Amino acid sequence: MSETNSDRQRRGDRESAFYLFTQQRLPACKPVLTPPWVITIYFLVGFIFVPVGLFTLRASHSVVEIEERYDIECVPSQFRNDKVSYIQDDSVPKNCSLLFKVDKYMKAPIYIYYQLENYYQNHRRYVRSRSDQQLLHGRNFHGTSYCQPLESSNNRPIVPCGLIAWSLFNDTFTFIRGKALLKVNRTNIAWKSDRDHKFGKNVYPFNFQNGTWIGGGKLNPRIPLSNQEDLIVWMRISALPSFRKLYGRIEEDLDVGDYVVVQLMNDYNTYSFGGKKKLVLSTSNWLGGKNDFLGLAYVFVGSSSLTVAIVFMLLHLRSQR
Amino acid sequence: MKQIVITLELPEIEALVKHGDKEAIAKASLDCVKKQINEGKLQVGKESSIEFGLIIDGKSLTFAMDKTLVNDFMDLAMSCATVICCRSSPKQKAVITRLVKSVTGKTTLAIGDGANDVGMLQEADIGVGISGVEGMQAVMASDFAIAQFRFLERLLLVHGHWCYRRISMMICYFFYKNITFGFTLFWFEAYTSFSGQPAYNDWYMSSYNVFFTSLPVIALGVFDQDVSSRLCLKHPSLYQEGVQNLLFNWVLILGWMFNGLLSSIIIFFLTTNSIIGQAFRKDGQVTDYSILGVTMYTCVVWTVNCQMALSINYFTWIQHLFIWGSIALWYIFLVVYGSIPPTLSTTAYKVLVEACAPSILYWLTTLLVVISALLPLLSYRAFQIRFRPMEHDKIQIQRRRSESLERDVAQSRLSESSETRNSSELPEEVRIRINSLKGSSRRKNS
């Protein structure tokens with residue numbers, strides 16, 4: 001029997017997208033987790049993750065890292081019992097030297113980090129204690145109430161205000177190999193977006209670190225904030241209480257057996273709160289620095305996935321019989 | 001089925017009616033109904049293996065609902081498989097429904113099409129009105145309106161089952177995704193000496209439930225179908241999942257919450273141990289607060305959306321768009337938010353474009369964390385479907401098998417020449433497979 005016009009129209013309506021949508025009959029893909037699929041997925045995960053993990057581990061092992069804790073060693077023996085008064089006493093000389101022995105060939109650039117521990121840069125009151133507007137516009141910006149109590153001193157505004165800037169890390173390091181001084185590049189250590197857009201090119205430090213309490217380093221009032229890279233690096237809040245910040249780069253290679261003497265000024269007070277200070281020299285590769293965790297985690301997840309695949313397959317076959 | 005009839009159309013009652021003494025009629029009717037109820041109860045008590053049907057008319061019902069008799073009447077009614085109350089008034093219909101509700105404590109459904117059913121429809125937990133010949137009063141008083149009585153089957157078996165599954169799954173999933181998100185914040189607090197500093201930028205947190213995880217939940221709650229409508233009608237036993245509350249009990253709810261806790265632990269600890277400490281890029285930069293926030297949040301959004309993809313079995317263009325679109329929306333949001341001036345975007349300024357995207361470690365960490373957080377649920381589902389399948393799992397597997405069988409049959413038909421075989425003859429092996437499948441489905445349904 002031939003279709004009438006109304007039949008054809010009804011059939012057309014029935015297949016229209018709107019009809020399918022309202023009648024909940026959209027074309028659908030309905031996957032079911034059957035055993036073949038499960039086993040395939042687990043094997044796939046295993047066969048991808050284990051090689052990636054091994055590859056990542058190899059990359060991590062190829063990074064060379066030397067780390068030395070110096071905050072206890074650098075305190076002279078007569079002050080070991082009262083480190084706080086040692087650090088707060090300006091008349092005691094704070095220079096100290098460390099010896100780094102290079103065990104593996106380190107290819108330039110070698111990154112220098114200072115590592116602090118038990119230092120809660122991520123504490124809420126600390127994170128809040130800054131004024132982004134003042135960093136861009138300088139003294140003329142007046143909405144700096146979040147910087148309290150370091151908003152002004154002697155009735156004059158502090159630029160940059162707040163606890164973060166006030167606690168600027170101020171240990172300094174010079175590196176000597178053999179008889180020669182190693183050149184340390186201290187530019188380009190901050191993020192470009194910070195330098196260009198968060199710190200003003202016409203903003204200069206003013207009335208900074210002038211109060212009764214000294215929290216950290218002083219700033220050169222003749223250099224604009226956008227060029228004060230130490231400050232910019234320091235003001236980038238760290239994630240956890242134990243963190244590293246970039247100090248500079250050594251642009252020369254270090255050979256096996258080289259001895260690097262570090263002359264440092266142990267100025268920064270981490271003794272009041274039981275913090276630790278460490279100096280780290282590290283190379284980097286496509287993955288970054290030295291951390292075996294990612295590689296090990298990949299291998300672990302991949303191999304457990306393979307184990308589950310095999311167990312599932314055996315259970316499945318056994319219960320099928 | 002045996003019938004128990006309670007009626008007042010008996011000769012002795014009619015004789016009294018002729019005399020006209022109202023009090024005497026009432027007393028005699030009450031006694032008569034009482035006698036019939038007791039007889040009925042004896043009958044039911046004696047033969048407990050067969051099913052009984054109770055038939056009572058409107059006049060007898062007035063006496064059966066008398067204070068002294070109502071408990072016996074309800075006992076008798078509840079022990080019968082079916083009760084038919086004919087010639088009852090609207091008020092009686094409503095009173096009966098109320099009695100059933102209070103005596104049994106179960107959920108009642110009433111269906112009717114006329115104005116005389118309105119009382120009953122409103123009294124029942126669920127009132128279904130039929131629109132049509134007798135007007136629209138029933139429809140206006142009802143919770144659901146259908147056009148024909150036979151649509152009740154679809155209403156219960158298809159839409160009832162779908163709604164139950166959708167709502168229970170949606171609630172469990174909603175708790176899950178917020179627990180995953182919230183607990184990462186909580187674990188982070190342990191590392192900020194509990195000062196209250198959130199791990200993420202404020203705008204990330206505000207838009208979590210609005211932009212990045214809301215659409216998939218809507219797709220689940222509105223469009224999900226675990227079993228197609230045809231199969232819902234074919235397997236009415238699926239409806240028992242709702243009656244026995246198999247999809248929304250405490251075990252499932254706590255299980256989803258535990259899944260959320262586990263996901264958050266995996267996300268937090270894998271992320272912090274992978275990217276914190278050493279440089280995360282070739283140029284020697286280390287991770288800071290904003291980068292940790294972005295990485296963890298990326299992992300949360302991926303994990304939560306992929307868990308949704310693992311839990312549902314029905315993917316139309318809507319589900320694909322909502323799930324993968326939500327994940328893509330997160331990256332787009334990061335780019336857009338990161339490009340507005342830093343006085344507004346604070347820690348998110350250029351964080352994806354400048355810091356995270358060029359870092360291979362960021363992408364590798366995301367992959368590791370997401371897959372690790374998905375493996376527990378995948379394992380649970382795989383083992384559950386294989387070794388302890390629920391009703392809807394069994395139906396899906398059966399559908400899968402019959403679909404692949406039909407494909408084999410169609411392929412074998414195509415590969416044969418049309419002259420040597422007629423279309424109704426099937427290959428021997430295929431016929432045996434079909435018979436065995438039919439046998440197993442018959443065994444299942446009986």
Side-chain angles (χ1 to χ4, degrees), chain A residues 24 26-35 38 41 45 49 52 56 63 65 109 111 113 120-125 127 132-133 136 191-193 197-198 236-246 249 282 284-291 293-294 297-298 301 304-305 308 312 315-316 319, chain B residues 191-193 195-197 223 225 228-229 270 272-293 313-318 341-343 346-347 349-350 354-355 359-361 364-365 368 371-372 375 378-379 381-383 385-387 393 396-397 399-400:
Chain A
Q24 303 191 62
L26 289 170
C29 158
K30 300 183 203 174
V32 184
L33 265 182
T34 50
V38 171
I41 292 173
V45 168
F49 272 36
V52 169
T56 316
V63 170
E65 187 183 275
Y111 297 93
Y113 304 95
Y120 287 83
Q121 263 205 333
N122 55 12
H123 192 286
R124 192 176 61 89
R125 296 290 299 276
V127 172
D132 290 332
Q133 296 270 24
L136 273 174
W191 290 101
K192 189 169 183 308
S193 61
H197 301 286
K198 282 196 193 162
R236 189 106 177 169
I237 296 292
S238 70
L240 297 183
S242 170
F243 59 89
R244 272 182 208 173
K245 286 195 187 291
L246 190 56
R249 279 187 293 275
S282 171
S284 82
N285 58 12
W286 59 271
L287 197 59
K290 190 179 196 65
N291 189 347
F293 183 83
L294 190 76
Y298 262 102
V301 172
S304 15
S305 181
V308 174
F312 189 83
L315 284 175
H316 170 62
S319 70
Chain B
Y191 288 82
T192 67
S193 69
S195 61
Q197 173 69 17
F223 299 115
Q225 291 176 20
S228 73
S229 57
L270 284 185
T272 46
N273 282 308
S274 300
I275 66 172
I276 301 285
Q278 82 290 4
F280 76 113
R281 291 156 48 118
K282 194 167 178 7
D283 64 3
Q285 286 289 357
V286 288
T287 51
D288 52 61
Y289 168 78
S290 55
I291 292 166
L292 177 69
N313 292 94
Y314 179 75
F315 286 91
T316 60
W317 64 265
I318 298 175
T343 40
T346 59
T347 56
Y349 186 67
K350 293 231 182 339
E354 184 193 26
S359 158
I360 300 180
L361 189 62
L364 280 180
T365 307
L368 171 72
I371 302 287
S372 312
L375 284 181
L378 178 68
S379 317
R381 291 266 294 160
F383 280 87
I385 290 178
R386 174 63 187 83
F387 299 106
D393 296 321
Q396 284 167 356
I397 296 173
R399 170 188 47 89
R400 198 43 183 219

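Chain letters run A, B, ... following the sequence lines, proteins first, then strands; residues in each count from 1. Because the structure is a prediction, the values reported are computed rather than measured.
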Colleague: Where on B/L292 is there a heavy atom nearer than 4.5 Å to chain A: the side chain, the backbone, both, or neither?
Modeller: side chain

Colleague: Let me know if B/S359 has heavy atoms under 4.5 Å from chain A in its side chain, its backbone, both or neither.
Modeller: neither

Colleague: Drop me the distance from B/Q285's CD to A/K245's NZ, to the nearest 0.5 angstrom.
Modeller: 10.0 Å

Colleague: Give, as side chain, backbone, both or neither, the part of B/I276 having an atom under 4.5 angstrom from any heavy atom of chain A.
Modeller: both

Colleague: Are the side chains of A/K30 and B/Q396 in contact, using a 4.5 Å heavy-atom criterion?
Modeller: no

Colleague: Looking only at heavy atoms, which two atoms of B/T316 and A/A28 are closest? And how far apart?
Modeller: CG2-CB, 3.7 Å

Colleague: State the OG-CG distance between A/S304 and B/L375, to the nearest 0.5 angstrom.
Modeller: 7.5 Å

Colleague: Considering only heavy atoms, which portion of B/R386 lies under 4.5 Å from any heavy atom of chain A: side chain, backbone, both, or neither?
Modeller: side chain

Colleague: Which residues pass the ring-ring contact (aromatic ring centres under 6.0 Å, His included) test with A/Y120, not counting sequence neighbours?
Modeller: none

Colleague: I'd like to verify something: which residue of B/R381, B/R399, B/K350 has the highest number of heavy-atom pairs under 4.5 Å with chain A?
Modeller: B/R399

Colleague: Top residue by heavy-atom pair count (under 4.5 Å) with chain B, among A/E65, A/H316, A/R125, A/Q121?
Modeller: A/H316

Colleague: Rounded at 0.5 Å granularity, tell me how far OG1 in B/T365 sits from CG in A/L294.
Modeller: 5.0 Å

Colleague: Indicate yes or no: at least one non-hydrogen side-chain atom of A/D132 is less than 4.5 angstrom from one of B/Y349.
Modeller: no

Colleague: Rounded to the nearest 0.5 Å, what separation is found between the OH atom of B/Y191 and the OG atom of A/S238?
Modeller: 13.5 Å

Colleague: Under the 3.5 angstrom rule, does the side chain of A/N291 hit a backbone N or O of B/N273 as a donor-acceptor pair?
Modeller: yes

Colleague: Under a 4.5 Å heavy-atom cut-off, does chain A meet the side chain of B/T346, its backbone, both or neither?
Modeller: both

Colleague: Picking from A/W191, A/Y111, A/F49, A/Y113, which has the most non-hydrogen pairs under 4.5 angstrom with chain B?
Modeller: A/W191

Colleague: For the interface with chain B, which of A/V38, A/L136, A/V63, A/V127 has the highest count of heavy-atom pairs at distances below 4.5 Å?
Modeller: A/V127

Colleague: Under 4.5 Å from any heavy atom of chain B, what part of A/V32 do you find: side chain, backbone, both or neither?
Modeller: both

Colleague: Roughly how far, to the nearest 0.5 Å, is CZ of B/F383 from CG of A/L315?
Modeller: 6.0 Å

Colleague: Who among B/L368, B/L361, B/T343 has the most heavy-atom pairs with chain A under 4.5 Å?
Modeller: B/L368

Colleague: What is the distance from atom CG of B/D288 to atom CD1 of A/I237, rounded to the nearest 0.5 Å?
Modeller: 9.0 Å

Colleague: For B/L270, which atoms come within 4.5 Å of any heavy atom of chain A: side chain, backbone, both, or neither?
Modeller: both

Colleague: Show the nearest heavy-atom pair for residues B/P342 and A/H197, with the distance to one decimal.
Modeller: CG-O, 3.3 Å

Colleague: Is there side-chain contact between A/L246 and B/V286, with heavy atoms separated by less than 4.5 Å?
Modeller: no

Colleague: What option among A/W286, A/F243, A/Y298 has the most heavy-atom pairs under 4.5 Å with chain B?
Modeller: A/Y298

Colleague: Do A/L33 and B/L378 have side chains that approach each other closer than 4.5 Å (heavy atoms only, starting at C-beta)?
Modeller: yes

Colleague: Are the side chains of B/Q278 and A/S284 in contact, using a 4.5 Å heavy-atom criterion?
Modeller: no

Colleague: For A/P241, is it the side chain, the backbone, both, or neither that has a heavy atom closer than 4.5 Å to a heavy atom of chain B?
Modeller: both

Colleague: Pick one of side chain, backbone, both or neither for A/N122, based on which atoms fall under 4.5 Å of a heavy atom in chain B.
Modeller: both

Colleague: Would you say that B/F223 contacts A/L26 through its side chain, given a criterion of any heavy-atom pair below 4.5 Å between the two side chains?
Modeller: no

Colleague: Which bit of B/L364 is near chain A, if near means a heavy-atom gap under 4.5 Å: side chain, backbone, both or neither?
Modeller: both

Colleague: Please find the pair of heavy atoms, one from B/Q197 and one from A/H123, that lie closest to each other, and give the distance.
Modeller: CB-C, 4.4 Å

